Amino acid sequence: IRSAREQIFNEAWYLATDKDNRLFFQQNQNLNAQLKALVESYDEESARKEVRAYLESELKPTVGDLYQKVQVFPGIEELDINAKQVALIVTEPSHFEEGLSHEVRQYWSEHSYKNRFLFLSGERQTWDSLIEAFKELKAVNTVISVMIDERVSENDPQYKKAIDKRDKTYIQITSAVRETFITLYFPRGDNGGDRLDKTEISFQFTGNNFDAEKQIRAALIEERKFST
């Protein structure tokens, strides 16, 4: 009965619930309808920007002993590598190639400072889930902002549903990040690194955040690439 009720509520755009969780029809679209319309209005590039901003924030170094800067989804022409800093470069998983693209590998192989690169990449098959989750997060944050501007009570059923939806979306995002960005590439060998090696990484989250720098450091210590 409960699943049938939820299905009806999800599909009926003008159906809402009152404070006693009773169903009724209203003139305005309910939360599900608003979210669906907003999600469909966002293209992949706008969601990609949201993913980039999130990863730039979460991967930003705090200690700075392992890497000193982060570049997320840069084009080859945007890569900024120098002798004084190690850069963590996050690449979008490719449609056509497994792991790092040929273009990125070639750029690294021809660079003078091969030991100043770390790459984080992973699985394309979970990329769509990540993009969709960020569309949903952007949508629910927009709805919540409008509700706040309109001084909707925090006890309003629609407001509570929006907050609950946002919390569930964060869980989807952490799962998608964990499943998408799973491979860490690093230079290995003498003379500043003569080949790219890789190791698997599974980020662990505390709430909606993860200490990426700490977890990447631990992965490289295990690979004997980094020592404290």
Side-chain angles (χ1 to χ4, degrees), residues 1-60 72-73 90-95 121-182 202-210 212:
I1 295 177
R2 181 177 180 180
S3 61
R5 175 190 172 97
E6 290 177 351
Q7 183 177 356
I8 293 171
F9 183 81
N10 289 336
E11 295 178 358
W13 286 12
Y14 293 88
L15 196 62
T17 56
D18 61 18
K19 63 181 181 179
D20 296 318
N21 207 32
R22 293 175 298 192
L23 297 175
F24 68 95
F25 284 96
Q26 60 182 13
Q27 291 185 336
N28 299 323
Q29 288 185 339
N30 62 27
L31 177 65
N32 290 329
Q34 294 177 59
L35 292 179
K36 181 176 173 59
L38 284 169
V39 167
E40 290 179 349
S41 72
Y42 302 144
D43 59 17
E44 180 165 337
E45 184 55 34
S46 65
R48 191 172 179 270
K49 290 179 180 178
E50 298 290 326
V51 177
R52 180 191 292 121
Y54 172 83
L55 291 176
E56 285 175 343
S57 174
E58 291 296 325
L59 295 170
K60 183 178 180 180
V72 180
F73 311 149
V90 185
T91 66
E92 180 180 332
S94 173
H95 279 292
S121 192
E123 296 293 328
R124 186 71 199 189
Q125 54 261 45
T126 54
W127 174 258
D128 290 342
S129 297
L130 184 65
I131 289 294
E132 190 66 19
F134 271 94
K135 286 182 180 181
E136 292 180 2
L137 180 63
K138 183 177 181 180
V140 74
N141 280 335
T142 297
V143 170
I144 291 171
S145 293
V146 170
M147 287 181 172
I148 292 173
D149 289 342
E150 294 178 350
R151 298 185 179 182
V152 174
S153 170
E154 292 183 359
N155 294 320
D156 183 273
Q158 290 290 289
Y159 183 85
K160 288 183 176 181
K161 287 182 181 297
I163 297 299
D164 182 61
K165 175 62 177 176
R166 184 181 64 184
D167 292 343
K168 290 178 179 177
T169 303
Y170 272 124
I171 293 173
Q172 293 174 352
I173 285 173
T174 59
S175 177
V177 168
R178 183 185 297 114
E179 294 173 5
T180 301
F181 298 102
I182 61 172
S202 178
F203 289 113
Q204 302 302 310
F205 287 76
T206 301
N208 299 322
N209 306 106
F210 64 110

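Basis for what follows: all heavy atoms, side chains included, without hydrogens, waters or symmetry-related copies. Fair warning: this is a prediction, and the values are worked out from it, not measured in the lab.
Taken to the nearest 0.5 Å, the OG1 atom of Thr126 stands 12.0 Å off from the CZ atom of Arg178. Atoms CD and CG, on Gln172 and Leu137 in that order, are 10.0 Å from each other to the nearest 0.5 Å. In this structure, OH on Tyr42 lies 3.5 Å from OG1 on Thr142, to the nearest 0.5 angstrom. Rounding to the nearest 0.5 Å places NZ of Lys165 at 13.5 Å from OH of Tyr170. Summarising the geometry, atom CD belonging to Glu50 is positioned 10.5 Å from atom CZ belonging to Arg52; distances are rounded to the nearest 0.5 Å. The distance from the CD atom of Glu136 to the CD1 atom of Ile173 is 8.5 Å, given to the nearest 0.5 Å.
Other residues, nucleotides and ligands place more than 12 heavy atoms under 6.0 Å from the CD atom of Glu45.
Put simply, the side chain of Lys135 does not reach to within 4.5 Å of the side chain of Glu40, judged on heavy atoms. The shortest distance between side-chain heavy atoms of Ile144 and Arg166 falls below 4.5 Å. In this structure, Ile163 and Tyr159 have side chains that are in contact, with non-hydrogen atoms separated by less than 4.5 Å. A heavy-atom distance below 4.5 Å is not found between the side chains of Asn141 and Lys138.
Thr174 and Ile171 make their closest contact through OG1-O, 2.8 Å (heavy atoms, listed as atom of the first residue, atom of the second, distance). The minimum heavy-atom distance between Phe134 and Ala47, with the atom names listed, is CB-O, 4.3 Å. Pairing each heavy atom of Thr169 with each of Ala133, the nearest pair is CG2-O, 3.3 Å. Heavy atoms only, all atoms of each residue included: Gly122 and Pro93 are closest at O-CB, 3.7 Å.
Of the listed residues (Thr91, Val90, Val51), just one forms a side chain to side chain contact (heavy atoms under 4.5 Å, CB included) with Val72, and that residue is Val90.
The existence of a salt bridge linking Lys160 and Asp164 is excluded, since no basic side-chain nitrogen approaches an acidic carboxylate oxygen closer than 4.0 Å.
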Would you please test Phe205 and Glu58 for side-chain contact (heavy atoms from CB on, under 4.5 Å) and show each step? CA-CA 11 Å; Phe205 287 76; Glu58 291 296 325; 5.8 Å; no
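A tilted orientation is assigned to the rings of Phe210 and Tyr54, their planes being inclined by 30° to 60°.
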